[in-house]
Amino acid sequence: MVADDTIGCDVCVVGAGPAGVAAALRLVDIGRDVCILARAPSGENRRWESLTPGALRILNALGLGAALAHAQYQLSHVATVNWGGAVNRADHAAANVLIDRAFFDACLIDAARRRGVRVLAPAAAGRPQHIGNGWQVPITAREAITSVHATHIIDASGRKALTGGRRGRLSPVTLALCAHWRGRPEEHNVTRIEAAADSWLWSASFADGIRYATVFVDPRKLRVSGDTPTETFLAAVSGSSLCWDGALASTVTACDASATCITRAPSMDGIIAVGEAAFSLDPLSSQGIQRALVDGQQAAIVVNTLIAHPERRDIALAFHAERQAEASDRDRSMCQSLYREQAAFNPSPFWSRYCEPDTLPEHQPRPSLPIYGLRLETKLRLSPQVRLEEVAVVDGDVIALAPALVHPNLDRPVAFLAGRSIGSLLARASSGIAAGSLRADWAADLLPEGEALKSIQWLWQRGLLIDNAAKDANDC
């Protein structure tokens, strides 16, 4: 029985940023009873961020396009990058979106409330306690509610991580110094990235001479020099190649911008952590919001699986951990490449510390095969290196096991191709079948003809379907 001062629900989402709202919306759409706890707005300096095209597509798919329209945002058609000794300017045909993060998050919360999510705001959550088959979350809120009882919890509380755990760094410690600047009017709605000797800078310029900037530095520099965050920020912008005539228009705030991961405390086993409560991406990737939206949706499917199919618990939790690890590894690899590029141009201690030793992957995928080697009359067979394994995949609103194609030329197993099970497709790929016949077979009842041809070409170029006449030794 739930006490009068306690809210009961299927899932309690702690945190109302992009990851938390994405998880809550997906669960409500599935039909789950969801309560989201939103902290009071921070009094810190309001920051601007850039939304990637991928993040915009996800927002629209979540039905949050209208929420973005109500948020305070600017369109940027121009980006300049000063990196690795080269300066590049890109004019975007489709404008990038710059958002005031405080307004953006507030609009997400409003959208969640309108979609049927029960929102408690402002509400400060305490450490959850495992009670029976669920969790009790003590809260401090304006309403006469002292706790939330939920079958499952999604921790989307950010870097501080409500559920605690051991934090590990995935990159050198990095401090972000953020502030608004007022100067002379210039070309507005331009974003810039600029590397310096011992820092790098992201900025966006707006009308009336307002500019928002974030300077990324080594916090040890402040400790050694004794400079304040404001002095360090001013020194960085004064050394920029841009003209920073004018003065600060806000205080300079500092926050940890290091890439990190959190290992869940044993007592919190079963709580799903998303967004920065699980891991933080390197700010150089500019993928934070997009990744949070994806992570939130995946967490919702994992939690729904735990509710609908408790027997799949281990499979669902493993799926979530693997997807988060893949995202973190992919981000780190991309940023490492960019850091090495700058360090080669300016091998200062600041840049060198970001460059980990090169490591060779376990497999060295061969280059894609030329498509002209594939003809409709080419007789095909599966590469002897292909094997099918059962892996955890998203199947509608739950996690399930499905056959997946494994091959050295693939970064990860592939369970679906063109929206169809890879098992059903490969069952038709009998040894010696002509490419044209396979296309017709797939197009008859599995894929549209155009998708069938593209799928065969994709398998061919990666060496998964090979010429039936080829010797096995050549497939290596």
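Every heavy atom of this structure was used, including side-chain atoms; hydrogens, water molecules and symmetry mates were not.
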Before you tell me yes or no, could you show the steps for V97 and L75 under side-chain contact (heavy atoms from CB on, under 4.5 Å), namely the whole-Å CA-CA distance, both residues' side-chain angles and the distance that decides it to 0.1 Å? CA-CA 5 Å; V97 175; L75 298 179; 3.9 Å; yes
Going through the distances and angles, do I36 and I109 end up as a side-chain contact (heavy atoms from CB on, under 4.5 Å)? CA-CA 9 Å; I36 194 166; I109 295 172; 5.8 Å; no
Just do the salt bridge (charged side-chain N to carboxylate O under 4.0 Å, His left out) check on R39 and D105 with the steps written out, would you? CA-CA 11 Å; R39 292 178 305 203; D105 285 0; over 6 Å; no
Working note: D411 + R330, criterion salt bridge (charged side-chain N to carboxylate O under 4.0 Å, His left out); need CA distance, chi angles, decisive distance, verdict. CA-CA 11 Å; D411 294 332; R330 185 167 55 248; over 6 Å; no
Could you walk me through whether W458 and L464 pass the side-chain contact (heavy atoms from CB on, under 4.5 Å) test, one step at a time? CA-CA 9 Å; W458 185 88; L464 311 179; 3.8 Å; yes
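Remark: R312 engages no residue in a side-chain hydrogen bond (donor to acceptor under 3.5 Å, both in side chains) (not counting sequence neighbours). In this structure R89 satisfies the side chain to side chain contact (heavy atoms under 4.5 Å, CB included) test together with V78, T80, D91, E187, sequence neighbours excluded. Scanning for side chain to side chain contact (heavy atoms under 4.5 Å, CB included) contacts around V393 gives V391, A402, A415, F416, with sequence neighbours left out. Taking H130 as the reference, W135 meet the ring-ring contact (aromatic ring centres under 6.0 Å, His included) condition, with sequence neighbours excluded. Looking at residues two or more places apart in sequence or on another chain, you find a side chain to side chain contact (heavy atoms under 4.5 Å, CB included) between S203 and R192, R211, A213, L242, W244. D10 meets the salt bridge (Lys or Arg N to Asp or Glu O under 4.0 Å) test with no other residue; sequence neighbours excluded. Annotation: salt bridge (Lys or Arg N to Asp or Glu O under 4.0 Å) contacts of R113 (sequence neighbours excluded): D110. In this view, R375 and E377, T378 satisfy the side chain to side chain contact (heavy atoms under 4.5 Å, CB included) rule, not counting sequence neighbours. With sequence neighbours excluded, no residue satisfies ring-ring contact (aromatic ring centres under 6.0 Å, His included) with F319.
Using a 4.5 Å cut-off on side-chain heavy atoms (C-beta onward), C12 and L37 make contact. Put simply, the side chain of W83 reaches to within 4.5 Å of the side chain of L284, judged on heavy atoms. Considering only heavy atoms from C-beta on, I399 comes within 4.5 Å of V302 through its side chain. Residues L417 and L405 fail the side-chain proximity criterion, which asks for heavy atoms closer than 4.5 Å. Side-chain contact between R32 and I307: present, with at least one pair of heavy atoms (C-beta onward) separated by less than 4.5 Å. Side chains of W351 and F345 form no contact here, defined as non-hydrogen atoms less than 4.5 Å apart. Taking 4.5 Å as the limit, some side-chain heavy atom of L447 sits within range of a side-chain heavy atom of L425. Counting heavy atoms from C-beta outward, W202 and S50 have side chains that approach closer than 4.5 Å.
Salt-bridge formation is not detected for the pair D29/R26: no Lys NZ or Arg NE/NH1/NH2 atom is positioned less than 4.0 Å from an Asp or Glu carboxylate oxygen.
For R118, the CZ atom is densely surrounded, since the number of other residues' heavy atoms within 6.0 Å is greater than 12.
Residues A443 and P448 share a closest heavy-atom pair of CB-C, 4.5 Å. For S455 against A418, the heavy-atom pair with the smallest separation is OG-CB, 3.8 Å. The shortest non-hydrogen separation linking S199 to V217 is CB-CG1, 3.7 Å. A196 approaches Q342 most closely through the heavy-atom pair O-NE2, 4.2 Å.
Applying the side-chain hydrogen bond (donor to acceptor under 3.5 Å, both in side chains) test to pairs two or more places apart or on separate chains, those with a residue in residues 291-300 are R291-Q298, D295-Q324. For residues 412-438, the pairs satisfying salt bridge (Lys or Arg N to Asp or Glu O under 4.0 Å) are E326-R412, R428-D441, R428-D445, with sequence neighbours left out. Here side-chain hydrogen bond (donor to acceptor under 3.5 Å, both in side chains) pairs that include residues 430-439, with residues two or more places apart or in two chains, are S431-N468.
Looking at N60, its side chain does come within 3.5 Å of a backbone N or O of L56 through a donor-acceptor pair.
Between the side chains of Y354 and D282, no donor-acceptor pair of N or O atoms lies under 3.5 Å. In summary, the side chains of Q336 and R332 do not present any donor paired with an acceptor at a separation below 3.5 Å, with no hydrogens or angles considered.
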